[in-house]
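Both counts, for ligands and for their atoms, begin at 1 and track the order of listing. Everything quoted here is computed from the prediction, not taken from an experiment.
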Amino acid sequence: MKLLVTGGAGYIGSVVTRMLLDAGHEVVVLDDLRTGHRAALAPDATWVDAPIHDAAQVLTPGAGFDGVLHFAALIAAGESMVKPELYWHNNTVGSLALIDAVRAARVPRMVFSSTAAVYGNPAELPIPETAVKAPTNTYGATKLAVDMALTSEAIGHDLAAVSLRYFNVAGAYLSGDVAIGERHDPESHLIPIALDVAAGRREKLQLFGDDYPTVDGTCVRDYIHVEDLARAHLLALTAAVPSRHRIYNLGNGTGFTNRQVVDVVREVTGRPVPVEMAPRREGDPAELVASSALAREELGWVPEKPTLHDMVGDAWAFYRTHILERS
Ligand SMILES: NC(=O)c1ccc[n+]([C@@H]2O[C@H](COP(=O)([O-])OP(=O)(O)OC[C@H]3O[C@@H](n4cnc5c(N)ncnc54)[C@H](O)[C@@H]3O)[C@@H](O)[C@H]2O)c1
């Protein structure tokens, strides 16, 4: 297939691009590097340096694209609360422009990176796709709006659409000399921050809240390895059906507390990780764990790297070779 990957210079998009190329697809990456990294771009993909708002310049009717995988977004939930206009303009207005271009160019299928943040504070655990959607931050709301636009597009214009709602993505893609890992700036994700502390590049790790009703009082989150996530995208591309919008949660169905994550980081790196407890953050649910039963059943998706040791081990391998040794 000839595929457009938006956000292909980012963490997840650059891993999926490589796995699509490995599977024999032709890939064009659309990314203006606003938060991505030139070094993460796959050399065998064609790169177009433009915002998704200008997607129609690439998705022309004669270009022959068979599908779009849409990763490009701003992803920091905290920032989305202080700069909401930035998030609405980038994540929602940009995605609507992309969907317009998909329609005009008659691209048959689209896979979208949605998020667990659409559910907000869940009333049921593990969270099924049918759970109430009540985002507690602007980031989640901008993503939910795109999910809803895709449902309309599938009904009104026959698009074969799939939204994949990721829980916490972790780990790295390691293949020969290539290693792609997480490098957000500012970093808001627990594992790369804990690795920074283990490496001595940050003094301590702040954990927000130790009085939640969980085994050790810290929040519980569901982690998914970036390679397992990437595999789900390849499955979704072939499973997409015209006029239908399918939505799948992607997680492991097992939660880990923040403290358990820190313990594994200490074990894997063999280094101390000093922790400082801070008050709860507004809007942080105690527990977010996915039910991925639908993805397993309908896509035949089976995670191959489900343990924290898999994820932290690969993240540390990337961190040592690509961050520590190059700094
Ligand atoms: N990382 C996670 O744990 C996680 C969890 C749930 C959902 N997601 C979703 O997955 C997707 C990818 O996340 P990531 O962690 O790889 O983020 P990332 O920041 O590493 O990558 C995002 C990429 O999109 C590009 N981009 C952003 N806005 C753009 C625009 N308007 N035009 C062109 N390029 C633009 C950036 O330059 C960057 O390369 C996002 O849509 C995010 O919401 C991520």
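- Contacts of His184 with ligand 1, taken as heavy-atom pairs under 4.0 Å, involve the side chain alone.
- Looking at Tyr139 against ligand 1, only its side chain comes within 4.0 Å, counting heavy atoms.
- Side-chain contact annotation: Ser95 with His70, donor-acceptor N/O pair under 3.5 Å present.
- Of the candidates Val107, Leu59, Asp66, Leu69, Leu59 is the only one forming a side-chain contact (heavy atoms from CB on, under 4.5 Å) with Leu4.
- Contact atoms of ligand 1 toward Phe71: 11 (C), 12 (C), 40 (C), 41 (O) (distance under 4.0 Å to a heavy atom of the residue).
- Screening Leu74, Leu86, Val93, Asn91 against Thr142 for a side-chain contact (heavy atoms from CB on, under 4.5 Å) leaves a single residue, Asn91.
- Crowding of Arg280 atom CZ: a count of heavy atoms from other residues, nucleotides or ligands under 6.0 Å exceeding 12.
- The protein non-hydrogen atom at the shortest distance from atom 20 (O) of ligand 1 is Tyr11 N, 2.9 Å.
- Nearest approach of Tyr139 to Ala77, heavy atoms of both residues: CB-CA, 4.0 Å.
- Closest non-hydrogen pair, Val29 versus Gly8, comes out as CG1-CA, 3.6 Å.
- Remark: of the listed residues Arg183, Arg201, Glu325, Arg201 is the sole one forming a side-chain hydrogen bond (donor to acceptor under 3.5 Å, both in side chains) with Tyr319.
- Proximity of Ala50 to ligand 1, defined as any heavy-atom pair under 4.0 Å, is confined to the backbone N, CA, C and O atoms.
- For Glu287 and Tyr212, the side-chain atoms include no donor-acceptor pair closer than 3.5 Å.
- Judged by distance alone, the side chains of Ser114 and Asp147 do bring a donor and an acceptor atom under 3.5 Å apart.
- Within the 4.0 Å heavy-atom shell around ligand 1 one finds Asp32.
- Protein heavy atom nearest atom 25 (C) of ligand 1, with residue, atom name and distance: Asp31 OD2, 3.3 Å.
- Which of Leu33, Asp54, Thr35 comes nearest to atom 38 (C) of ligand 1 through a heavy atom is settled by distance: it is Thr35.
- Annotation: Lys133, atom NZ; neighbour count of heavy atoms from other residues, nucleotides and ligands within 6.0 Å is above 12.
- Listed by atom number, the atoms of ligand 1 under 4.0 Å from His189 heavy atoms are 1 (N), 2 (C), 3 (O).
- Using a 4.0 Å cut-off to heavy atoms of Gly36, the atoms of ligand 1 that qualify are 36 (C), 37 (O), 38 (C), 39 (O).
- Enclosure of atom CD in Glu203 is not indicated, since only 12 or fewer non-hydrogen atoms of other residues, nucleotides or ligands lie within 6.0 angstrom.
- Residue Ser114 places a heavy atom less than 4.0 Å from ligand 1.
- Counting only heavy atoms of the protein, atom 32 (N) of ligand 1 lies nearest to Ile52 N, 3.0 Å.
- His70 does not count as a contact of ligand 1, since none of its heavy atoms falls under 4.0 Å from the ligand.
- Numbered from 1 in the order shown, with element, the atoms of ligand 1 that lie under 4.0 Å from a heavy atom of Lys143 read 40 (C), 41 (O), 42 (C), 43 (O).
- Among all protein heavy atoms, the one lying closest to atom 13 (O) of ligand 1 is Ile12 CD1, 3.7 Å.
- Inspection of the Arg34 and Asn90 side chains reveals an N or O donor paired with an N or O acceptor under 3.5 Å.
- Regarding atom 21 (O) of ligand 1, its nearest protein heavy-atom neighbour is Gly10 CA, 3.3 Å.
- Of the polar atoms of Asn90, at least one N or O is found under 3.5 Å from an N or O of ligand 1, judged by distance alone.
- Looking only at protein heavy atoms, the nearest one to atom 4 (C) of ligand 1 is Val169 CG2, 3.9 Å.
- At the top of the distance list for atom 8 (N) of ligand 1, counting protein heavy atoms only, stands Tyr166 CD1, 3.4 Å.
- For atom 29 (C) of ligand 1, the nearest non-hydrogen atom of the protein is Arg34 NE, 3.5 Å.
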